[in-house]
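Working notes, structure below.
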Amino acid sequence: MVNSSVLASLTTCIELLENLQLNSSRTGKDVSAGISTQGKLYHQKNGNFTINTMRTKACLNRELLLGPLQGSRCTHIMTTVGEEALESETLITDLIKAGTSIIRINCAHGSPESWSEIIRRVKRSSQMLEAPCRILMDLAGPKLRTDNLKPGPCVVKVSAKKNATGKVIFPAQVWLSHKGAGAPPPHLSPDAVLFIDDENFFTVVKVGDSLRFFDARGKKRMLKISRVFHVFSGTGFMAECTRTAYVSSGTELYIKRKKDRLPVGQVVDVPPRESSIRLRVGDLLIISRDSTCGEDNSYGHVSGAYRITCSSGYLFDAVKPGERIAFDDGKIWGVIKGTTSSEIVVSITHAGLRGTKLGSQKSINIPDSNIRFKGVTSKDLVDLEFVKSHADMVGVSFIRDTRDIIVLRQELEERKLQNLGIVLKIETKSGFEKLPLLLLEAMKSSNPLGVMIARGDLAVECGWERLADIQEEILSFCGAAHLPVIWATQVLESLVKSRVPTRAEITDVASGRKASCVMLNKGRHIVEAISTLDNILNSNSRQMKAEVKSLVPSSHLV
């Protein structure tokens, strides 16, 4: 508990002993003199390692990397955003208003064009609100992922909420607007969003109108306009639907008034449904190196097996039969039954009772295999060129040993990026076991430095039952190094996705106060989750902060 000030604590212990012995009638002069001399020697040699000095150093390192804390806040909030942030003109502003002080962009997703627009909006909102907000960009690293599955149909399902007897208790809420009007206001939570091609839609439709259409199955359905909203760049309507409908691009909407049937417009740009395969215990799964092999049979059984692809050669070159394999952060587990140079056969051993979906770009972990990844990939180097002129920090994924640190330092020195913050993401068993060596190697450079506890992959690699001890140990190591820690993965996930947190998530956030920063991932109710997180982190229970009271010499106690 005194890792951040070991020398100062030892010195204080000696002073305590010295004062106790001086006040004891049983203590001889020789012993007392020896301890007193030792205490003075510590003060002379280690004056730069006092408790206050070490605390100042830790605060300075935190500010250099994450920026100064605003107002009475004691913990930074980091929020992950993706291309969905571009669908709303106000989302970034709302995130910063709610308490976000760092925006994270994952370079594994999106493009430089979308990253640039996100960063532009962050800087504009930060300046407008006079609230500093830094940018962290995570390099994708050598993570194993499933390749993209064949896109599903471009159709959206609209369904009302029903009770146990099948009676509608709440109609489905559908947002209707022109494509250029953007996303619905953040305080609305529609069940579906439909864009209409004709701008005359806004001049013809009014509250109370009924829009009739035939859905993708040819069923007659109706949307009733309930409310109108003037959004950032146009007008939008909220409509209600009481019967299940499948709406696709090209669906024509009509207004029926008395004897007339007025055309309103067509639905456009319905996105394709995300494809997935549902795996159950006992299923066989073939992982193929060639993306052309599995494109047409990703959805069902072929010769008794499902098929996905993974383009990374690391996977096929290192795995052996009998090794465990996990998908999607451990939601699905299997055992490797056989391998060739281009295929791996997996038998599924753990999944949900009704099966678990596996989709595109989901993680693959092989905790028993000693795969030798290249620490910084060619894609990382390309993305680093963008990062150097747009971000305040770079996140380095899947760090395994000091060679990865050395390679990274060389790339940064070559680009003259001595001031770019570095965040080491600890998400592998090797990275955790070698953490002290990694920190010592990384601290050789002048770059501001910090550590992220990436608990998703870390739990899969090291075992769920060890995660609580592992995250405490990482906090302890970083406390000794006086480096800031980012607490990440599944923070308030239920609140972000469904608006209702679990009790365990609330206590997890309270534990996160030991870190310098807590990270939230994107989701439907992200703004509300940030507000809740900000309240918990900055409540009056600040004694939970991971700063143990310093030892005080007994002379001060008197």
Side-chain angles (χ1 to χ4, degrees), residues 84-91 93-94 153-163 165-274 497-499 523-528:
E84 77 287 340
L86 302 180
E87 298 174 2
S88 169
E89 287 289 340
T90 62
L91 178 60
T93 301
D94 293 334
C154 296
V155 63
V156 59
K157 181 181 179 181
V158 179
S159 57
K161 292 180 174 60
K162 302 177 182 179
N163 62 14
T165 63
K167 184 179 179 180
V168 174
I169 57 175
F170 194 74
Q173 304 296 301
V174 181
W175 173 260
L176 299 170
S177 70
H178 185 260
K179 180 68 175 176
H187 67 278
L188 298 179
S189 298
D191 299 298
V193 175
L194 299 178
F195 294 113
I196 312 301
D197 63 342
D198 191 355
E199 289 193 52
N200 292 329
F201 171 85
F202 308 108
T203 61
V204 177
V205 175
K206 61 180 182 292
V207 173
D209 280 341
S210 295
L211 306 181
R212 302 178 185 271
F213 64 96
F214 291 92
D215 77 353
R217 305 165 298 170
K219 303 286 187 181
K220 288 184 178 180
R221 293 293 183 260
M222 181 182 71
L223 294 170
K224 187 167 184 178
I225 304 298
S226 59
R227 288 175 290 174
V228 61
F229 294 91
H230 298 288
V231 292
F232 186 78
S233 55
T235 303
F237 295 91
M238 189 66 83
E240 296 180 347
C241 184
T242 57
R243 302 180 66 187
T244 300
Y246 291 83
V247 185
S248 59
S249 294
T251 299
E252 295 183 340
L253 303 179
Y254 298 90
I255 303 176
K256 191 171 182 179
R257 292 175 180 164
K258 296 181 179 180
K259 297 182 180 180
D260 296 329
R261 193 175 75 158
L262 303 175
V264 175
Q266 289 188 346
V267 176
V268 296
D269 296 341
V270 175
R273 300 194 72 170
E274 184 177 346
K497 292 183 176 180
S498 65
R499 224 174 193 168
R524 187 172 184 178
H525 307 290
I526 183 62
V527 176
E528 182 178 339

Side chains of Thr235 and His230 in contact at under 4.5 Å (non-hydrogen atoms): yes
Side-chain donor/acceptor pairs under 3.5 Å, residues 154-161, sequence neighbours excluded:
none

Nearest non-hydrogen partners of Cys241 and Arg243, listed with the distance: SG-O, 3.0 Å
Contact check, side chains of Asp209 and Phe237, non-hydrogen atoms, under 4.5 Å: no
Test log, rule side chain to side chain contact (heavy atoms under 4.5 Å, CB included), inputs Val270 and Ser248: CA-CA 6 Å; Val270 175; Ser248 59; 5.6 Å; no
Contact check, side chains of Lys497 and His525, non-hydrogen atoms, under 4.5 Å: no
Distance, nearest 0.5 Å, that separates CZ of Arg221 from OG1 of Thr251: 12.5 Å
Main-chain N/O of Val174 paired with Asp191 side-chain donor or acceptor, under 3.5 Å: no
Passing option when Phe195 is tested against Val267, Leu176, Val268 for side-chain contact (heavy atoms from CB on, under 4.5 Å): Val268
Euclidean distance, Ile255 CD1 relative to Arg212 CZ, rounded to 0.5 Å: 11.0 Å
Gap separating the CD1 atom of Ile196 from the CG atom of Leu211, nearest 0.5 angstrom: 8.0 Å
Phe213 side, atom CZ; Met222 side, atom CE - distance, nearest 0.5 Å: 9.5 Å
Listed partners of Pro190 passing side chain to side chain contact (heavy atoms under 4.5 Å, CB included), at least two apart: Trp175, Pro184, Leu188, Val193, Met238
Check: Lys224 and Pro171 side chains under 4.5 Å, non-hydrogen atoms: no
Pairwise distance CZ(Arg217) to OG1(Thr244) - rounded to 0.5 angstrom: 7.0 Å
Asp94 side, atom CG; Glu89 side, atom CD - distance, nearest 0.5 Å: 11.5 Å
